[in-house]
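What follows is a short report on a single structure.
Note that the structure is a prediction, hence the values are computed from the model and not measured. Just the heavy atoms: all of them, side chains too, but no hydrogens, waters or symmetry mates, feed the values below.
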Amino acid sequence: MSGKEFKQILDQATSSTSGSEPNWESITKIVEMVQLKEVPPKKASQDIRKKLLEVSETTVLNALYLVDSVVKNTPSAVHKDFLSPELLGSLKAIVEGQDSGMAKAIDKALEMLGEWKAAFGDDSNYKVIQTIFNEL
């Protein structure tokens, strides 16, 4: 799988023209690509993080669904790249931005942080989740 192919699928998964429903086919494909290491998890995380910084709420929301799906459906070895301080900082920025046009994205980011706090809160490798959750 080339980087170009990954970016095309990422664009499909996070498209702001996809309507109100996430593109689950593309999201599932990316999860599989990360699981099979067709794309390095760190690179995938970095590229998805860029989508979290977009101005379109639909793009951001779809990127959040994608991150959540990767974390829920990949082995723990992948989590270190997707639960990194940088990516979690992007979630924090979404919430702290409190942009009224991002209400659904803010709600999803808070939901994800709460779920991750419950799932990984006792793991010292993911202490940053607890820290960010408490700051919000």
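Applying the side-chain contact (heavy atoms from CB on, under 4.5 Å) rule to Thr74 yields the partners Val31, Val34, Gln35, Val70, Val78, His79; only residues at least two apart in sequence or on another chain are considered. With sequence neighbours excluded, the residues forming a side-chain hydrogen bond (donor to acceptor under 3.5 Å, both in side chains) with Asn125 are Asp123, listed by chain and number. In this structure, the side-chain hydrogen bond (donor to acceptor under 3.5 Å, both in side chains) partners of Asn134, at least two apart in sequence or on a different chain, are Gln130. Among residues two or more places apart in sequence or in another chain, the side-chain contact (heavy atoms from CB on, under 4.5 Å) test is passed with Asp107 by none. In terms of the ring pair (Phe, Tyr, Trp, His ring centres under 6.0 Å) criterion, Phe133 has no residue partners (sequence neighbours excluded). Scanning for side-chain contact (heavy atoms from CB on, under 4.5 Å) contacts around Lys104 gives Glu57, Leu61, with sequence neighbours left out. Not counting sequence neighbours, Lys37 has no partner by the side-chain contact (heavy atoms from CB on, under 4.5 Å) test.
The ring pair (Phe, Tyr, Trp, His ring centres under 6.0 Å) contacts involving residues 37-69 comprise Trp24-Tyr65, where partners must be two or more places apart or lie in separate chains. The salt bridge (Lys or Arg N to Asp or Glu O under 4.0 Å) pairs that include a residue from residues 127-136 are Lys92-Glu135, where partners are two or more places apart or lie in different chains. Counting only residues at least two apart or in different chains, ring pair (Phe, Tyr, Trp, His ring centres under 6.0 Å) contacts with residues 36-61 are absent.
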Under 3.5 Å, side-chain donor or acceptor atoms of residues 47-55 against the rest of the protein: list the pairs with distances, not counting sequence neighbours.
unit_1, atom_1, unit_2, atom_2, d
Asp47, OD1, Lys43, NZ, 3.0
Asp47, OD2, Lys43, NZ, 3.4
Arg49, NE, Glu86, O, 3.0
Arg49, NE, Ser90, OG, 2.9
Lys51, NZ, Asp11, OD1, 2.7

List the atom pairs, donor and acceptor, that lie under 3.5 Å between side-chain atoms in residues 109-117 and the rest of the protein, sequence neighbours left out.
unit_1, atom_1, unit_2, atom_2, d
Glu111, OE2, Lys108, NZ, 3.2
Glu115, OE1, Lys72, NZ, 3.2

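Leu64 has its side chain within reach of Val60: a pair of non-hydrogen atoms, C-beta onward, lies under 4.5 Å apart.
Side-chain N or O atoms of Ser26 include none that pairs as donor or acceptor with a backbone N or O of Gln12 at under 3.5 Å.
Here Leu66 contributes atom CG and Ile9 contributes atom CD1; the two are 11.0 Å apart, rounded to the nearest 0.5 Å.
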